[in-house]
Amino acid sequence: MLAQLTVFLENEKGRLAAACRAISDAGSNMHTLVVADTADFGVARMLCDNPEACAETLKAQGWRAAVSPVLGVRVPNVPGGLAQMLEFLDEIDVNVEYGYCITLNDQSAVDIFKVSDDGTVEARLEQAGFEIVAPEDIYTIG
Amino acid sequence: MESELIVYFQPEIETMPRDELRELQLERMKESFRHAYDNVEHYQESFTERGVTPDDLQSLDDLSKFPFLTKQDMRDAYPTKLFAVPNKDVARIHASSGTTGQATVVGHTAEDLKNWGDCFARGIGMVEGSADSTIQVSYGYGLFTGGLGAHAGGEAMGCTVIPTSSGNTKRQVQMMKDLNTDILACTPSYALLIADTAIEMGYDPASEFNISAVICGAEPASQNMKDEIAAKLGVQYCDVYGLSEVMGPGVAMECAEKGGIHIAEDQFYCEIINPDTLEPVEVDEWGELVITTLTRQATPLVRYRTRDVTRIIEEPCACGRTHRKIDYLRGRTDDMLIIRGVNVFPSQIEQVITEFPEIATQYQIILTTKGPLDRVELQVETVPEFPIDEIRKLEDLKARLGSELKSNLQVSVDIKLVEPKTIERSEGKAKRVIDLREGK
């Protein structure tokens, strides 16, 4: 599983910039960023270096920040590449809370999913031939 | 040497039989009215207007014949028109903040200050404090009565007093730990900030600190907030009531039996009136608290309308004190928000918030006008542990809080989840309501 950093933001001008600056000041480099918004608040989800330490630094400064485990899967960049993987998750009764794509090239795409996980999802995906993305493929720790 | 536990600071006064106490009240009230009338032009005028003189006070029931004194009267008397003693006898001056109008200046003679210290010291006795106790006063010192009032109480009891005043919260925690503070006196919002700061600093004050009691007042606090402070610090919570116009903290204090706050009835006579009709309410009914001072020399007050909403509890208290209690304040007649025609007290909103463990205790209410209607926005924060990654849970929390408020207040409230830094942390009185409505 990948450790995703989530930061709670008010839906106000300048908040995303302030959050990014705080992460930069915490010495962490961001590799991906997805912002989900509602009418009055948003959450910024990111994969960055040293996510746990970064979350602690942000919390100490008064931000609401949390680290959540998310699933990273590399799927072939062909029609149905993603559908096949999601169908498999459905078959094994795993629910997807949200998901997004972070990289794309001619051969493959990396997709991130927040799933209901009993701890076996990654192993079962690998067994079925899917390629799991490891943390060190995206960010560094320590 | 084992020191004796002081149960009552002034046993002969605190446990005086009620009929004797009422006799004392009448005797002192007569003296006070005569003193006020002879020395303050305002009382000569207002008594004359009502067609009464101090001689018309023959029983405590006669009090209702006398005119009220309002906050506006006190502002109009600025600076010292209500003083009943010459300047040489005034030992100190306090003043209420003038943020909402002209400041109100109150004088104290040396005797007034002594009585004040004694009133507060009775509360120190209520939390089992003694000359052996260390009291940390984290109320602000200055024109505000909190700091010096609690300080005087500590000195009257013979405690070791640490006058930290408010601010520099980490140092407050450090002193509390290193100097083995037994009793903390401050506003409830500041007590909570001190507790949270201690926990953030890596301490568990409930088990690691010596502290056994807090004496908190000067701003409203819900029962849940009091419980949270008591649990986090591991202490007895003592609610202290007071107001600078009348004296300061110590007008009433809460004993270990809870269930209300003991009025210092040898010093103050309390009535409850209906703020609309100005008539006394029935026994046990809620209304506006009206206070007549019985011993105050520098600024004697006759029937001062406090605007605080409470009721008088007649039942005797198991602690043995004969002085009656007022109930925990429901708010102020002028704090009461009229939202779309419905009366709402900020304390009711706070009560609902504290029933949600997912929500932090800090909050702010913003009132605006939206077309012909009032719009209420409640800004709250989630606690640090809340799983903020899950928008569904955040939305669900908003919906549950909104519907709980709606059913409690009969008014719909827009909930806004905010970042922690949005709501100002309090080092004194917390500003909970921001009214931006037109014409308000």
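Letters A, B, ... are given to chains in the order of the sequence lines, protein chains preceding strands, and every chain is numbered from 1. All figures in this text were calculated on a predicted structure; none of them were measured in a lab.
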Residue pairs passing the salt bridge (Lys or Arg N to Asp or Glu O under 4.0 Å) test where at least one lies in residues 359-369 of chain B, sequence neighbours excluded: none

Chain A contacts, top residue of B:Arg392, B:Glu385, B:Glu200 (heavy-atom pairs, under 4.5 Å): B:Arg392

Heavy-atom donor-acceptor pair, A:Glu10 side chain to B:Val418 backbone, under 3.5 Å: no

Chain B-proximal positions within residues 35-59 of chain A [heavy-atom distance under 4.5 Å]: A:Ala36, A:Thr38, A:Asp40, A:Phe41, A:Val43, A:Arg45

Side chain, backbone, both or neither of A:Ala60 within contact of chain B (heavy atoms, under 4.5 Å): neither

Proximal to chain B - members of residues 68-104 of chain A, heavy-atom separation under 4.5 Å: A:Ser68, A:Glu97, A:Tyr98

Heavy-atom proximity to chain B below 4.5 Å, by part of A:Val7: backbone

Presence of salt bridge, A:Arg64 and B:Glu381, under 4.0 angstrom: yes

Nearest non-hydrogen partners of B:Pro420 and A:Gly62, listed with the distance: CG-O, 3.0 Å

Residues 110-123 of chain A: residues contacting chain B (heavy atom under 4.5 Å, by number): A:Lys114

Over 12 non-hydrogen atoms of neighbours within 6.0 angstrom of CZ in B:Arg340: yes

Test side-chain contact (heavy atoms from CB on, under 4.5 Å) applied to A:Phe8 and B:Asp389, step by step: CA-CA 8 Å; A:Phe8 177 89; B:Asp389 184 47; over 6 Å; no

Which of B:Val383, B:Ile415, B:Asp414 touches chain A most, by non-hydrogen pairs under 4.5 Å: B:Val383

Side chain, backbone, both or neither of A:Leu9 within contact of chain B (heavy atoms, under 4.5 Å): both

